[in-house]
Amino acid sequence: MQLYGITGHPLGHSLSPVLHNWALQQAGITGAYLAWPLPAGRMPDLVNAVRTLHIQGVSVTIPHKEAVMPLVDSLTARARALGAVNTLYWDQDVLCGDNTDVEGFVTPLRGRVFTGALVLGAGGAARAALAGLRELNLPAVAVCNHNRERAQKLADEFEVRCVDWEERGAYEADLLINATPLGMRGTHEGRNPLPPEAFTRGHVNTRLVYDLIYTPLTTRFLAEAEAAGWQTQEGLAMFIAQAQAQFRLWTGREFSEAEARTLLLRELGRRG
Ligand code: NAP
C-alpha cells in the first residue's frame with residue numbers, strides 16, 4: 001500500500017485527492033492519496049511522518065511552500081530558483097523537494113510564440129509564471145500588482161519590468177496572465193483584473209489571455225477576451241500538468257490529460 005497526500009492550510013475543497021486517487025487506480029497502483037490539513041509551523045511534524053512512514057509523495061501548498069525547504073535532503077534547481085517547494089518525492093533514500101507549478105504553467109504555452117507578457121499579481125502563482133516565462137525566453141516580460149512594492153520585489157528578482165497597477169490597461173503585450181484571485185468563485189467572482197481597453201492591443205495572430213483561475217472555468221476575464229477576438233487559456237490545464245509532473249516523480253507513470261479533464265469537470269460540476 002503506497003501512501004501519498006496533500007498538506008496545506010486551509011485545504012478547502014482541493015481537487016488533488018480526486019485526481020491522484022483516480023490516477024493511482026488507472027495505473028493499477030495499490031495506494032491512497034489523503035488530505036492532511038496542517039497549520040503553519042507544523043512542517044517538521046509532517047516531514048518526520050514522511051520519513052518514518054516512508055510516505056511516497058506529498059503535494060505541498062500554502063502556507064508551507066517555503067517552510068518545507070530546509071527540511072528536505074535535496075532541492076531541485078527549479079525549487080531553488082523559485083524559492084518554493086510544492087512536491088516532496090523520494091530519489092532512492094533521499095527526500096527531495098521540487099516545484100511542478102512552473103512545468104504546469106508552461107505546458108499550455110509550449111510551441112507558441114509571443115513578443116511580450118504581462119503578469120498580474122505578485123504571489124506564488126505569479127512567481128511560478130515569471131519562472132516559466134524565463135524558461136520560455138520571452139523577449140519582454142512585465143509584472144504588475146495592486147501593491148506596487150511586492151511587484152517591484154519580484155521584478156528585481158526576475159529582472160523584468162514593473163508596471164503601475166493604474167497603467168496595466170495601457171501596457172502592450174500579447175500574452176496577458178492573471179495570477180490574482182480576481183474573477184475566482186467567491187468574493188472575487190465576476191471581477192476583471194484588466195480594464196477592457198487592454199484587449200484593443202496585442203498582435204492579432206499571437207495574442208492570448210491566460211487565466212490561472214479554474215473555478216469558474218470561464219472567468220469574466222476570459223469571456224471578455226474571447227469576445228474581443230483573443231485566444232484564451234483557462235487554469236485547469238496548468239493544474240492538470242503540475243499534477244501529471246508530480247505523478248511522474250512519484251510513480252514513473254503518466255495519466256491522460258483528456259481523461260483527467262473529463263474527471264475534474266465532472267467533479268467541479270458535481271460541486272456546483
Ligand atoms: P497569492 O500568493 O495569495 O497571491 C495573490 C496575488 O493577487 C497577490 O499579488 C495579491 O496582492 C493579489 N491580489 C489579491 N487580492 C487582490 C485584489 N482584490 N485586487 C488585486 N490584486 C489582488 O495567491 P496565488 O497562490 O499566487 O494564487 C493566485 C491565483 O492563481 C488564484 O486565483 C489561484 O487559484 C490561481 N492558481 C492557479 C493554479 C493552477 O494550477 N491553475 C496554481 C496556483 C494558483 P497582495 O498580496 O499584494 O495584496
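These numbers come from a predicted model, not from an experiment. Just so you know, ligand 1 is whichever comes first in the structure, and atom 1 is the first atom listed for that ligand.
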Query raised in the report: Can you find a protein heavy atom closer to atom 2 (O) of ligand 1 than 4.0 Å?
Result: yes

Report task. Return yes when at least one protein heavy atom is under 4.0 Å from atom 41 (N) of ligand 1, and no when none is. Result -> yes

Query raised in the report: With under 30° as parallel and over 60° as perpendicular, where do the rings of Y33 and H20 fit, or are they tilted in between?
Result: parallel

Among [options], whose heavy atom sits nearest [atom]?
| atom | options | result |
| --- | --- | --- |
| atom 43 (C) of ligand 1 | P108, A84, A125 | A125 |
| atom 21 (N) of ligand 1 | H146, R127, R191 | H146 |
| atom 38 (C) of ligand 1 | I213, T215, L212 | L212 |
| atom 7 (O) of ligand 1 | A151, P181, A122, G104 | P181 |

Query raised in the report: CD of E149: more than 12 outside heavy atoms within 6.0 angstrom?
Result: no

Report task. Tell me which protein heavy atom sits closest to atom 47 (O) of ligand 1, plus the residue, atom name and distance to 0.1 Å. Result -> N145 ND2, 2.9 Å

Requested in this report: Examine D101 against ligand 1 and note whether any of their N/O atoms are separated by less than 3.5 Å.
Outcome: no

Show which atoms of ligand 1 fall inside a sub-4.0 Å distance from at least one heavy-atom site of [X].
| X | value |
| --- | --- |
| Y214 | 39 (C), 41 (N) |
| G121 | 9 (O) |
| L182 | 17 (C), 18 (N), 19 (N), 20 (C) |

Query raised in the report: Hey, any chance W90 and V60 share a hydrophobic cluster, counting ILVMFWY side chains that come within less than 4.5 Å of each other, even indirectly?
Result: yes

Query raised in the report: Between D98 and T87, do the side chains contain an N or O donor and an N or O acceptor separated by less than 3.5 Å?
Result: no

Report summary line: L11 and P37 have their tightest heavy-atom pair at CD1-N, 3.7 Å

